[in-house]
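For the numbers below, each heavy atom of this structure counts, side chains included, while hydrogens, waters and symmetry mates do not.
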Number of protein chains: 2
Amino acid sequence: MKISTKGRYGLTIMIELAKKHGEGPTSLKTIAQANDLSEHYLEQLIAPLRNAGLVKSIRGAYGGYILTNEPSKITAGDVIRVLEGPITPVEGIEDEEPAKRELWIRIRDAIKDVLDNTTLEDLANHSDDNEHDGYMFYI
Amino acid sequence: MKISTKGRYGLTIMIELAKKHGEGPTSLKTIAQANDLSEHYLEQLIAPLRNAGLVKSIRGAYGGYILTNEPSKITAGDVIRVLEGPITPVEGIEDEEPAKRELWIRIRDAIKDVLDNTTLEDLANHSDDNEHDGYMFYI
DNA sequence: AAAATCCTTAGTAAATTGATAGGCATTAGA
DNA sequence: TCTAATGCCTATCAATTTACTAAGGATTTT
């Protein structure tokens, strides 16, 4: 039910790169410091993002990472799938009996719908409004 | 992102009890055998369900468990919250910056919508159709 | 040459998962 | 009253995952 720090920090990295898109490479050190995260840990997270072709690295001094695509063309789902695996509430949906199977499928599709329709552009350009504060803590 | 066997087996228990609702208690042994699960493990899962008041136990020979409410009045969300904790894709949504915070809230609400609108009656009475087979494996 | 950066592998403490083991407490039915 | 069937409780544990830390090599710019 939870998305771990892999997916969350991974999104943080990608949002930072989206904000700097077109301005040359951004180093992990910069991103780690700006978000108070471990640079070493981020290195481990960006490796799969690079292998998946979502980012490109530029080595050496003044190097860093850049997005390989427009922020409007990369979704939160792209990032989460790489770092957390397939989007599904349970392993082996196909093995469940019909009633539960349909429940998991409805949940999966609901999550997919949100993640696949939210782009890095949406996330990077987001204003600092707080329109959701009113019901935020209702669980 | 995942619901563990706690929530899944817990739902299995509750669906079995819903099927037998009004017919007297059902033992964990019966449920464990019917679903090829460890009876001992199910005992650990039903304890919190009992503490939460979702089921009532009847001790002694020919005892077992019964639902404390109509299957139409108990939702999958009730069961999942007891066994998996609050429904949320991340811990500490309130600590995230607005862009990600809204993303997590949208995901949370989408999951809540499904879980809170699916009752044990829905799950117990489900026919064995396979209407979703066509796109089931698309992730 | 020096500094900044990416890249890779290894290790690790804590938590969670998914059980198993053993046995006591309670009750229905013979 | 005895016995079998059940619920109830505590402890233990192997495997996995999480969230890092550590160490150092490879590459490129200045």
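A straight line from CG of A/L83 to C1' of D/dC20 spans 16 Å, rounded to a whole angstrom. C/dC7 atom C1' lies 14 Å from atom CG of A/L45, rounded to whole Å. Computed from coordinates, the B/L42 CG to D/dC9 P distance equals 17 Å when rounded to whole Å.
Between B/G63 and A/Y9, it is B/G63 whose nearest contact on DNA chain D lies nearer the 5' terminus.
Closest approach to the B/K29 side chain among D/dT18, D/dT6, D/dC8 is made by D/dT6 (side chain taken as heavy atoms from C-beta onward). Between D/dG7, C/dC6, C/dG18, one nucleotide has an atom nearer to the side chain of A/L28 than all others, and that is C/dC6. Out of C/dT17, C/dC6, D/dG7, the shortest distance to the side chain of B/K6 is found at C/dT17.
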Practice item. Show your working on side-chain hydrogen bond (donor to acceptor under 3.5 Å, both in side chains) between B/T5 and B/Y41 and close with a plain yes or no. Key: CA-CA 10 Å; B/T5 56; B/Y41 189 38; 3.0 Å; yes

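At least one side-chain heavy atom of A/I31 sits less than 4.5 Å from a side-chain heavy atom of A/T26.
For B/D116 and B/R81, the salt-bridge test passes: some basic side-chain N is under 4.0 Å from an acidic carboxylate O. A salt bridge links B/R106 with B/E102; the closest basic N to acidic carboxylate O contact falls under 4.0 Å. One finds a salt bridge joining A/R8 and B/E96 here, because a Lys/Arg side-chain nitrogen approaches an Asp/Glu carboxylate oxygen to under 4.0 Å.
Using a 4.0 Å heavy-atom distance criterion, A/R8 is classed as making no nucleic acid contact. Contact annotation for B/I46: no contact, since no heavy-atom pair falls under 4.0 Å across all strands.
At least one donor-acceptor pair under 3.5 Å links the side chain of B/T68 to the backbone N or O of B/G53.
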Study note, to complete from the structure: Once base and sugar-phosphate atoms are separated, protein heavy atoms under 4.0 Å mark nucleotides 21-30 of chain D, 5' to 3', with B, S and - as BBB--BBBB-

